[in-house]
Amino acid sequence: MDVKAQIKEYITSQPEPKHSDMQELHRIILELMPACKLWFLDGKDDKGKTVSNPNIGYGLEIIKYADGKTREFYQIGLSANTTGLSVYIMGIEDKKYLARTYGKQIGKASVTGYCIKFKTLKDINIEILEAAIRDRVEQEP
């Protein structure tokens, strides 16, 4: 199954209102990043054991590890969790930047170093979420 089909299946498998909210976020992110690489990570490790929630990724960045190794990963991620949705904004070196810049304006959301977690889209200011995503995408090297 190709990535687009996996993403569609994942979004479709979510109960409401997560299904509609994920569909809308997927649309918004694709609008902000129209030519981006799409990812689907099923949350399983090499042995097939579930280690995280499945997630959709958008864009491409190179992660550099302390030992000098690198690997490709996404810039923006989207995942359903038990209480709602998470949007991951990867590659931000200042771990307080997201909370400091967007935390007070975004609405009812938990904002950590690289994750914005909320129950439903109606709980947050979507324009602020879009600004956070746009801010990261515009920082591309």
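If you read the sequence from its start, that first residue is 1, and numbering goes on from there. What you see is a predicted model, and the numbers here were worked out from it, not measured in a lab.
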Checklist entry - Quick one: are Thr83 and Lys119 in side-chain contact, heavy atoms under 4.5 Å? => result no
Checklist entry - Taking the side chain from Lys117 and the backbone from Thr112, do they hold a donor-acceptor pair closer than 3.5 Å? => result no
Checklist entry - Going by atom types alone, do Tyr10 and Asn55 pair a side-chain donor with an acceptor below 3.5 Å? => result no
Checklist entry - Okay, side chain of Ser79, backbone of Pro54: is any donor-acceptor separation there less than 3.5 Å? => result yes
Item to check | Within-4.5 Å side-chain heavy-atom neighbours: Thr12 and Gln23 | outcome: no
Item to check | Main-chain N/O of Ser13 paired with His19 side-chain donor or acceptor, under 3.5 Å | outcome: no
Checklist entry - Does the side chain of Asn81 come under 3.5 Å of the side chain of Ser86 through a donor N or O and an acceptor N or O? => result yes
Next on the checklist: Does the plane of the ring in Tyr102 sit parallel, tilted or perpendicular to the ring in Tyr97? Use 30° and 60° as the thresholds.
Outcome noted: perpendicular
Checklist entry - Can you find a heavy atom in the side chain of Phe40 that is under 4.5 Å from one in the side chain of Lys4? => result no
Next on the checklist: For Gln75, is there any backbone N or O sitting under 3.5 Å from a side-chain donor or acceptor partner on Arg136?
Outcome noted: no
Checklist entry - So do the side chains of Ile62 and Glu72 get within less than 4.5 Å of each other, counting heavy atoms only? => result yes
Checklist entry - Can you find a pair of side-chain heavy atoms, one from Glu61 and one from Tyr74, that are under 4.5 Å apart? => result no
Next on the checklist: Quick check: closest heavy atoms across Ile92 and Lys95, and the distance to 0.1 Å?
Outcome noted: O-NZ, 2.9 Å
Next on the checklist: Please determine whether a side-chain nitrogen of the Lys or Arg among Arg100 and Asp94 lies less than 4.0 Å from a carboxylate oxygen of the Asp or Glu.
Outcome noted: yes
Checklist entry - Near Tyr114 OH, under 6.0 Å, is it more than 12 heavy atoms from other residues, nucleotides or ligands? => result no
Checklist entry - Taking side chain as C-beta onward, heavy atoms only, is Ile28 less than 4.5 Å from Glu130? => result yes
Next on the checklist: Any non-hydrogen side-chain atom of Ile56 less than 4.5 Å from a side-chain atom of Ile29?
Outcome noted: no
Next on the checklist: Can you list everything that forms a ring pair (Phe, Tyr, Trp, His ring centres under 6.0 Å) with Phe118? Sequence neighbours excluded, please.
Outcome noted: none
Next on the checklist: Between Ser20 and Glu16, do the side chains contain a donor N or O and an acceptor N or O under 3.5 Å apart?
Outcome noted: yes
Pairs under 3.5 angstrom only: tabulate donor-acceptor contacts from the side chains of residues 30-39 to other protein residues two or more places apart or in another chain.
from	atom 1	to	atom 2	distance (Å)
Glu31	OE1	Arg27	NH1	2.9
Trp39	NE1	Gly59	O	2.7

Checklist outcome for this item: Rounding to 0.5 Å, atoms CG (Leu78) and CE (Met22) come to a distance of 4.0 Å
